[in-house]
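Input: a single structure, listed below in structure tokens.
Throughout, residue positions are numbered sequentially from 1 according to the sequence presented. The structure displayed is predicted, hence computed values, not measured ones.
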Amino acid sequence: MNIDLSHIENISEEIVKDRAHEMRIVQGEIVTSQFMDSICQEINESLQETGCTQISELVLRLSFPTDFVYEVRTPLEKKKTTLNFSFVV
């Protein structure tokens, strides 16, 4: 298409800025809240099966930075009232 990447990045940032509650940019990719929910569900299912998981394993499996995985972890830990699991750092 021969479009300069900076134009695409600028438009992407504008889209995300207007919908900050629905999406964000992580490592140059637009990530929606629905995708985040599916990641949380996948992690939760894994935790129910094994009882614990390592942050480093999630970082490799999801291909996201560690700080982003920590952000995903926080809402899951708040919901663990009925589950007995832990994250291994």
Side-chain angles (χ1 to χ4, degrees):
M1 294 179 72
N2 202 21
I3 299 172
D4 188 57
L5 183 59
S6 64
H7 294 297
I8 295 170
E9 289 172 340
N10 291 336
I11 296 294
S12 298
E13 289 173 10
E14 287 181 37
I15 291 169
V16 169
K17 183 171 47 172
D18 292 339
R19 297 181 176 154
H21 63 285
E22 298 174 13
M23 57 185 67
R24 61 196 289 179
I25 296 178
V26 178
Q27 290 187 330
E29 295 186 37
I30 295 177
V31 177
T32 65
S33 58
Q34 292 87 1
F35 181 72
M36 291 283 296
D37 290 345
S38 70
I39 289 174
C40 287
Q41 183 176 356
E42 180 182 330
I43 293 170
N44 194 25
E45 289 170 2
S46 174
L47 287 168
Q48 287 181 22
E49 291 174 11
T50 62
C52 70
T53 189
Q54 294 186 2
I55 295 293
S56 59
E57 176 187 318
L58 292 173
V59 167
L60 291 173
R61 191 172 85 210
L62 300 172
S63 298
F64 285 120
T66 304
D67 58 337
F68 179 75
V69 174
Y70 272 105
E71 287 179 41
V72 172
R73 177 188 78 166
T74 302
L76 281 175
E77 286 187 326
K78 290 178 183 175
K79 293 179 182 181
K80 75 175 186 177
T81 55
T82 58
L83 300 173
N84 185 17
F85 65 79
S86 63
F87 286 91
V88 179
V89 180

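Grouping the Ile, Leu, Val, Met, Phe, Trp and Tyr side chains by contacts below 4.5 angstrom, directly or via other members, places V16 apart from F68. At a threshold of 4.5 Å between side-chain heavy atoms, the hydrophobic network of Ile, Leu, Val, Met, Phe, Trp and Tyr places M36 and L62 in one connected group.
With sequence neighbours excluded, the residues forming a side-chain contact (heavy atoms from CB on, under 4.5 Å) with H7 are I3, D4, listed by chain and number. Scored by the side-chain contact (heavy atoms from CB on, under 4.5 Å) test, E29 finds no partners at all (sequence neighbours excluded). By the side-chain contact (heavy atoms from CB on, under 4.5 Å) test, T66 is found to be paired with I55, V59, Y70, residues two or more places apart in sequence or in another chain being considered. Take S12 and apply the side-chain contact (heavy atoms from CB on, under 4.5 Å) test, not counting sequence neighbours, and it matches I8, I25, I30.
Taking Ile, Leu, Val, Met, Phe, Trp and Tyr as members and joining any whose side-chain heavy atoms lie under 4.5 Å apart, directly or through other members, L60 forms no hydrophobic cluster with any other residue.
Expressed to the nearest 0.5 Å, how far OG of S33 lies from CD1 of I39 amounts to 11.5 Å. The distance from atom CG of N10 to atom CG of L5, rounded to the nearest 0.5 Å, is 9.5 Å.
Within the structure, salt bridge (Lys or Arg N to Asp or Glu O under 4.0 Å) pairs that include any residue of residues 5-27 comprise R24-E71 (at least two apart or interchain). The stretch residues 44-53 participates, sequence neighbours left out, in no salt bridge (Lys or Arg N to Asp or Glu O under 4.0 Å) pair at all.
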